[in-house]
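Just so it is clear, the structure is predicted and the values come from calculations on it, not from any experiment. Every chain is numbered from 1, with letters handed out A, B, ... down the list of sequences.
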Amino acid sequence: MVALVERAKSGDREAFDRLVRVTHGDAYALALRLMGSTEDARDVVQEAYLRAYKGIGRFRGDAQFSTWLYRIVANCATTHLGRRQRHRHDHLGLHHDVIDTRPDHDPALQGDRAELRKRLDDAIGDLPVRLRSVVVLRDMYDLPHEAIAAELGISVTAAKVRLHRARRRLREQVLPMPGEESSA
Amino acid sequence: MTRRPSATAVDTTTISVPTDPRRDCESVSDALAAAAGGDHAYGPAQSAHLASCLRCRVEESRYRRLMAAMRSLRETPVLKDSRLEAQILLHLDRHDHRGARDVRPRLAAKVAAGAAAAAGLMAFTARHRRAARLAS
């Protein structure tokens with residue numbers, strides 16, 4: 001990967017194409033989680049790779065290429081969501097198909113985990129975009145608070161407040177405490 | 001379940017203010033959401049409350065389960081879009097071709113501007129020399 005990135009930085013288009021081949025699945029998964037629709041996710045990923053292609057010379061290599069790419073995807077998604085909200089109401093559903101290829105020895109446990117993941121996936125899809133973006137980038141993709149704040153155009157404090165609010169909502173909806181079930 | 005309010009017995013050295021256990025739970029609940037990702041540490045009062053409150057400990061364990069599920073969700077692959085790779089590469093091709101097409105007119109404009117500037121300079125110099133010659 002490092003060698004590919006170095007070749008791509010020196011203008012080798014073939015190397016960049018190979019980077020696309022290796023990383024586009026993850027980039028698409030992130031875009032899909034942020035956008036909630038396959039059509040929008042596709043647009044965001046195409047735009048993100050174009051930005052990455054134009055800016056690869058500025059990639060310093062102090063972070064992983066995938067992290068750098070996630071930041072670009074997040075930035076493109078923010079731009080796209082802003083554009084979309086100006087044109088039509090936000091669609092919050094995130095009911096895309098998932099394939100679970102991981103084996104597990106205990107079918108009941110696997111069923112529980114799959115059920116939990118499904119409920120969590122749905123709950124993430126039901127979050128408002130401003131909360132969803134932060135929790136997905138931080139808790140699923142491990143982006144630092146500073147990077148998230150920069151890509152979403154908000155302060156670090158605001159990013160943390162949104163993150164805690166999002167976690168709380170998810171916990172209440174997916175794993176409610178006694179007395180919270182009715183509101184979940 | 002929750003810590004009972006401190007006894008109201010008056011000590012001669014310190015006066016203990018009774019605390020509302022529900023407020024303690026609420027305060028810790030905010031901290032639980034923050035601490036779930038591992039980038040926030042509990043304060044001494046929050047730790048003390050957690051040690052004595054079963055409900056808050058259950059809530060803490062649910063946050064742990066939630067975070068584990070979030071991480072495993074990332075590893076759950078979404079259905080691949082078989083056409084996406086080709087679309088990305090096509091998008092890049094279009095950008096490359098557009099760039100190549102744009103280079104020629106830009107270059108021609110620069111050459112024309114340079115030629116015009118050179119002609120202007122030559123005309124200005126010639127006029128200046130002629131004026132100087134006539135004056136002498």
Selection from A:H24, A:R13, A:E47 maximising heavy-atom pairs under 4.5 Å formed with chain B: A:R13

If I measure from the heavy atoms of chain B, does [X] come under 4.5 Å with its side chain, its backbone, both, or neither?
| X | value |
| --- | --- |
| A:R165 | neither |
| A:F16 | side chain |
| A:K54 | side chain |
| A:Y53 | side chain |

Within-4.5 Å side-chain heavy-atom neighbours: B:R74 and A:L30: no

Contact origin within B:M67 toward chain A - heavy atom pairs under 4.5 Å: side chain

Exam field: side chain B:R71 to backbone A:D139, donor-acceptor pair closer than 3.5 Å: no

Side-chain H-bond candidate by donor/acceptor type, A:R168 with B:S29, under 3.5 Å: yes

Donor-acceptor pair between A:S37 and A:D40 side chains, under 3.5 angstrom: yes

Test log, rule side-chain hydrogen bond (donor to acceptor under 3.5 Å, both in side chains), inputs A:T78 and A:N75: CA-CA 5 Å; A:T78 306; A:N75 189 280; over 6 Å; no

